[in-house]
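Once you've had a glance at the structure underneath, I'll fire off some questions.
Letters go in sequence order (proteins before strands), and every chain restarts at 1. Every heavy atom of this structure was used, including side-chain atoms; hydrogens, water molecules and symmetry mates were not.
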Amino acid sequence: MDAFDLFRKLGAGAKFDFKRFGKDADRFKGVRSEQKDGSDLLSGIDFFGTGIYHGNQVKLAEEQVENGEEESEGESGKGKRKRQDEVKTVNRVRAQHRINVHGCDVPDPVCTFSELQSEYGLNPRVLQNLSSAGLTTPTPIQMQAIPLMMHGRELLACAPTGSGKTLAFCLPLLTHLKQPANLGFRALIISPTRELASQTHRELVRLSEGVGFRVHILDKASMAAKKYGPSSNKKYDILVSTPNRLVFLLKQDPPALHLSSVEWLVVDESDKLFEDGRSGFRDQLAAVFQACSGPRVRRALYSATCVPDVEQWCRINLDNLVSVNIGHRNSAVETVEQELLFVGTENGKLLAMRDIIKKGFLPPMLVFVQSIERARELFHELVYEGINVDVIHADRTQQQRDNVISSFRSGDIWVLICTALLARGIDFKGVNLVLNYDFPTSAVEYIHRIGRTGRAGHTGRAVTFFTEDDKPLLRRYTRGGACGLMGEGPNNIHLKKKKDKL
DNA sequence: AAAAAAT
């Protein structure tokens, strides 16, 4: 595995501009010539064309149709034909939208939001809120995951960045809860960062407007107010939180919050929250799972990336699991034009960055670096460039963090330097460029970072800086982390196992 | 490997 292969594996759908980055191409040629593989550079850059995958999907669907025919052999003519047609239609829909499902008794995908009202009793007001938000057609993940959750099925869902996962779990929650009830929280959503939690909270409030649900977020103020204690009036329905805050309240004696009425537990960015190790989220998440002790609790895990570890856990612990995958698993979103830029050294990064600024760029731009310290440093380098630049990371105060996010959303900040804090889930409208100033430490992180652009079918662009020093880093993580992500067929993913816990 | 996550 060399640097070239690595980038090939990172960048599904990547376009590499050889004229513009001729030097980089030469560089990779050099690297590549060390290999025995005789194939030439350009043919090597078949970025695992999506057409091949699509072909496989259709073929798979046809096989399913055939199976369906065999199964219905005992039936008489008319009914049999009707069932065959239905199976064909459903499989065609799945193939067309690259919906892959595994599990028993999977309900048909829905093709419109109004079907959700007629078939599953979605509140008409929510439907109205959807259309006033300009949402007309369900995305593939919504088509399949919503009916599943409406049937109360536990699931593991994997769909690309910016493809509508939030709505895919919010709609079923609202439908399932039917109306406000004073029973305490009946639905809980866990997110890895406060920024993502607050975004999800806002979405839920907007979506349920006029229905009367009490949607809460665990923030400093609500925790200080101690409003969820045993003596509270239980007049709340849905909670969104980061894990540790929740665990803090649960651990108090007596617990400052009860989750025994929770009927739906949604884990967003599930692979992140399953992260193990001394300071990982995993223990916190385990405590949350344990606290959601009601007999009727259902669980759904969502992410753009899925690791075998999480899948394994789901197979063992979830009831009659269904897993839904949209398109390639663990692949970069296809609407992002990806470029790799060799900049030689650290100083080369700064020069290239200044060059981008000097040449004129179309804001807003997100710039990812590897650590808080590096975020600070880069900010100090750029603050005098005459552009509106700011920086966000976990060491800034919540007030600063909130201000930065809102100024970036409003366009007052053109360039936002950030750490992994903003890598997942955050939905900025119209980020024109994601710059990986520091090379991401894993393919998974790369996928999430560049997924801040090219959202909801829009096009986006991502540039990744690359230096001499990054080479050993690349080799390490292709061995230990996500490897063979793509190019080996949709169901042939080897992610090396690190641990086998939980 | 780093970042985030409670007071």
Please determine if a side-chain N or O atom of A:Arg401 lies less than 4.0 Å away from the OP1 or OP2 oxygen of B:dA5.
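Answer yes for this pair, as a side-chain N or O of A:Arg401 is under 4.0 Å from OP1 or OP2.
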Mind checking what makes side chain to side chain donor-acceptor pair (under 3.5 Å) contact with A:Asp319, not counting sequence neighbours?
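Per chain and number, A:Asp319 pairs via side chain to side chain donor-acceptor pair (under 3.5 Å) with A:Arg298.
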Just compare B:dA2, B:dA4, B:dA5 and give me whichever is closest to any side-chain atom of A:Asn244.
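Of all the options, the side chain of A:Asn244 is nearest to B:dA5.
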Could you state the NE2-P distance from A:His448 to B:dA4, rounded to the nearest angstrom?
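Taking NE2 of A:His448 and P of B:dA4, I get 16 Å after rounding.
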Given A:Phe368, which of A:Thr419, A:Val434, A:Asp438 fulfils the side-chain contact (heavy atoms from CB on, under 4.5 Å) condition?
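So, applying the side-chain contact (heavy atoms from CB on, under 4.5 Å) to A:Phe368 and each of A:Thr419, A:Val434, A:Asp438, only A:Val434 qualifies.
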Looking for any heavy atom pair under 4.0 Å, which part of the strands does A:Lys220 touch: base, sugar-phosphate only, or nothing?
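Sugar-phosphate, backbone atoms only, no base.
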Phosphate OP1/OP2 of B:dA4: any A:Thr419 side-chain N/O under 4.0 Å:
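So the side chain of A:Thr419 is within the cut-off, an N or O lying under 4.0 Å from OP1 or OP2 of B:dA4.
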Which nucleotide in the list B:dA4, B:dA2, B:dT7 gets nearest to the side chain of A:Gln370?
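Selected nucleotide: B:dA2.
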Classify the nucleic acid contact of A:Pro192 as base, sugar-phosphate or nothing, counting any heavy atom under 4.0 Å across all strands shown.
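The answer is sugar-phosphate, as A:Pro192 gets under 4.0 Å only of primed atoms, P, OP1 or OP2.
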CD1 of A:Ile392 versus C1' of B:dA4: gap in Å, rounded?
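Going from CD1 in A:Ile392 over to C1' in B:dA4 covers 12 Å.
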A:Glu275 near the nucleic acid: base, sugar-phosphate alone, or nothing, with a heavy-atom cut-off under 4.0 Å?
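The answer is base, as A:Glu275 lies within the cut-off (heavy atoms under 4.0 Å) of a base atom.
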I need the CG-C1' distance between A:Leu218 and B:dT7, as an integer number of Å.
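Rounded to the whole Å, the gap is 14 Å.
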Against A:Asp427, only a single residue in A:Arg455, A:Lys165, A:Arg452, A:Arg202 fulfils salt bridge (charged side-chain N to carboxylate O under 4.0 Å, His left out); can you say which?
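The residue from A:Arg455, A:Lys165, A:Arg452, A:Arg202 that satisfies salt bridge (charged side-chain N to carboxylate O under 4.0 Å, His left out) with A:Asp427 turns out to be A:Arg455.
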Under the salt bridge (Lys or Arg N to Asp or Glu O under 4.0 Å) rule, what pairs show up with a residue in residues 397-419 of chain A, not counting sequence neighbours?
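Found A:Glu195-A:Arg401.
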Could you check whether A:Thr305 and A:Asn330, counting side-chain N and O atoms only, form a donor-acceptor pair closer than 3.5 Å?
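No, because no side-chain N or O of A:Asn330 sits under 3.5 Å from a partner of the opposite role on A:Thr305.
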Side chain of A:Thr242 (C-beta onward), nearest among B:dA5, B:dA3, B:dA1:
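The nucleotide sitting nearest to the side chain is B:dA5.
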Short side-chain N/O contact to B:dA3 OP1/OP2 from A:Ser279, under 4.0 Å
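For B:dA3, neither OP1 nor OP2 has a side-chain N or O of A:Ser279 closer than 4.0 Å.
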Taking only side-chain N and O atoms of A:Arg194, does any of them lie within less than 4.0 angstrom of OP1 or OP2 on B:dA5?
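Answer yes for this pair, as a side-chain N or O of A:Arg194 is under 4.0 Å from OP1 or OP2.
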Rounded to the nearest angstrom, tell me the gap between atom CD1 in A:Ile190 and atom P in B:dA5.
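Whole-Å distance recorded here is 13 Å.
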Tell me the interatomic distance from A:Asp470, atom CG, to B:dA1, atom C1', rounded to whole angstroms.
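After rounding, the gap between these two atoms is 13 Å.
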Would you kindly give the CG-to-C1' distance between A:Asp271 and B:dA4, to the nearest whole Å?
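Going from A:Asp271 (CG) to B:dA4 (C1'), I get 15 Å.
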In whole angstrom, give the distance that lies between atom CG of A:Asp395 and atom P of B:dA4.
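Answer to the nearest Å: 7 Å.
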Which nucleotide sits closest to the side chain of A:Ile372: B:dA3, B:dA5, B:dT7?
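So the side chain of A:Ile372 is nearest to B:dA3.
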For A:Phe368 and B:dA2, what is the distance between atoms CZ and P respectively, to the nearest whole Å?
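Value for this atom pair: 18 Å.
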